[in-house]
J.: 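One structure, pasted below without further comment.
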Amino acid sequence: KDNIEFSVENGQLTVKNTSDGKNMLFNFGFFNDKQQYLYIYIPDGKYDFIHVSTSNEKIIFEDIEVNGEVYAKSSNADISFSDIDASDVTAYSNAEIDMDNITTEVLKLETSNASVVLKNVTADSLSASTSNSTVEFDDVSGVDAVVKTSNGDIILNNIYFDKSLEAKTSNSKIKTVMSGERDDYSYDISTSNGTI
């Protein structure tokens with residue numbers, strides 16, 4: 001019942017749902033679990049960049065190789081990247097951001113009221129921030145990293161950054177398991193109303 005319009009202008013694909021919202025569909029999920037999806041398959045090869053934005057729908061990138069930036073922005077839905085090789089990876093949302101098997105020079109992730117989860121990630125410069133939720137890293141490495149949240153835990157497991165790691169939260173805990181030996185690192189650790 002939706003009215004979907006496709007257009008291409010100046011090399012940009014636009015997909016819009018222009019339905020007036022008068023049609024109502026009642027689906028309680030008792031008999032089926034149908035959902036709407038938009039799949040975009042692109043030929044193998046390296047692209048200059050890929051930018052995707054949506055208002056309330058999930059964005060999933062899988063198995064992409066890009067010379068420049070892979071960019072995703074969703075107002076209120078999850079963003080998930082897996083098997084991405086690009087020079088820059090950027091994601092903005094008010095929902096969960098999940099990264100798995102990412103290799104990039106610059107990784108910038110920003111959300112609120114939802115978690116940021118990274119697994120098997122290599123990034124020279126890494127920035128991950130959220131509020132009121134957790135940040136979790138597992139097997140993440142690079143040169144520099146800044147990790148921020150408030151009212152949520154930061155859990156970093158098997159991580160290594162050549163130069164620096166800055167991790168900040170308030171009203172919650174930080175747990176870090178670093179790769180290598182204790183003497184590989186210098187520390188500047190402080191807390192208020194908590195334990196180290």
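Along the sequence shown, residues carry numbers from 1.
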J.: Regarding S164 and D144, is there a side-chain donor-to-acceptor distance under 3.5 Å anywhere?
T.: yes
J.: Can I get a per-line list of side-chain donor-acceptor pairs under 3.5 Å for residues 63-72, giving both atom names and the distance, sequence neighbours left out?
T.:
{"residue": "E69", "atom": "OE1", "partner": "H51", "partner atom": "NE2", "Å": "3.1"}
{"residue": "E69", "atom": "OE2", "partner": "T90", "partner atom": "OG1", "Å": "2.9"}

J.: May I ask you to decide if S74's main-chain N or O and S93's side chain share a donor-acceptor pair within less than 3.5 Å?
T.: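 Looks like yes, one N/O pair under 3.5 Å.
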J.: What donor-acceptor contacts under 3.5 angstrom involve side-chain atoms of residues 150-160, with partners at least two apart or in another chain?
T.:
{"residue": "N151", "atom": "OD1", "partner": "N171", "partner atom": "ND2", "Å": "2.9"}
{"residue": "N151", "atom": "ND2", "partner": "N132", "partner atom": "OD1", "Å": "3.0"}
{"residue": "D153", "atom": "OD1", "partner": "S172", "partner atom": "OG", "Å": "2.2"}
{"residue": "D153", "atom": "OD1", "partner": "K173", "partner atom": "N", "Å": "3.4"}
{"residue": "N157", "atom": "ND2", "partner": "D138", "partner atom": "OD1", "Å": "3.2"}
{"residue": "N158", "atom": "OD1", "partner": "S179", "partner atom": "OG", "Å": "2.6"}
{"residue": "N158", "atom": "ND2", "partner": "D139", "partner atom": "OD1", "Å": "3.4"}

J.: Give a yes or no answer on whether the side chain of D124 reaches the backbone of V106 with a donor-acceptor pair at less than 3.5 Å.
T.: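 No.
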J.: List in chain and number order the residues that pass ring pair (Phe, Tyr, Trp, His ring centres under 6.0 Å) with F137, two or more places apart in sequence or in another chain; answer none if no residue qualifies.
T.: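 Expected list: none.
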J.: Is the closest side-chain donor-acceptor distance between S82 and N101 under 3.5 Å?
T.: no
J.: Once you measure the plane-to-plane angle for Y185 and Y187, does it fall in the parallel (<30°), tilted (30-60°) or perpendicular (>60°) bin?
T.: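 Y185 vs Y187 ring planes: tilted.
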J.: Would you say that L107 contacts L118 through its side chain, given a criterion of any heavy-atom pair below 4.5 Å between the two side chains?
T.: yes
J.: Mind checking the NZ-CD1 spacing from K108 to I97? Nearest 0.5 Å is all I need.
T.: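 So the NZ of K108 and the CD1 of I97 are separated by 12.0 Å.
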J.: Between S115 (side chain only) and V117 (backbone N and O only), is there a donor and an acceptor less than 3.5 Å apart?
T.: no
J.: Does one hydrophobic cluster hold both V135 and I174, with members joined at side-chain heavy-atom distances below 4.5 Å?
T.: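 Yes; tracing contacts between hydrophobic side chains, which count when under 4.5 Å, links both residues.
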J.: Taking A86's backbone N and O only, do any of them form a donor-acceptor pair with T104's side chain (distance below 3.5 Å, no angle check)?
T.: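 Yes, because the side chain of T104 sits within donor-acceptor range (under 3.5 Å) of the backbone of A86.
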J.: For the OH atom on Y47, are there more than 12 heavy atoms of other groups (residues, nucleotides or ligands in this structure) within a distance under 6.0 Å?
T.: yes
J.: Any link between F81 and Y92 through a network of hydrophobic side chains (Ile, Leu, Val, Met, Phe, Trp, Tyr) touching at under 4.5 Å?
T.: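 In one cluster: no.
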J.: Examine the side chains of N56 and N76 and answer whether a donor and an acceptor come within less than 3.5 Å of each other.
T.: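 There is such a pair (donor and acceptor under 3.5 Å, judged by atom type) between the side chains of N56 and N76.
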J.: Please determine whether the number of non-hydrogen atoms from other residues, nucleotides or ligands lying under 6.0 Å from atom NZ of K46 exceeds 12.
T.: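 Yes, enclosed.
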J.: Are any side-chain N or O atoms of T111 and backbone N or O atoms of A95, one a donor and one an acceptor, separated by less than 3.5 Å?
T.: yes
J.: So how far is it from S127 OG to K148 NZ, rounded to the nearest 0.5 Å?
T.: 7.5 Å
J.: Examine I59 and F6 and state if one hydrophobic cluster contains both, with Ile, Leu, Val, Met, Phe, Trp and Tyr joined whenever side-chain heavy atoms are less than 4.5 Å apart.
T.: yes
J.: Taking the side chain from T130 and the backbone from A114, do they hold a donor-acceptor pair closer than 3.5 Å?
T.: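 Yes; at least one donor-acceptor contact below 3.5 Å.
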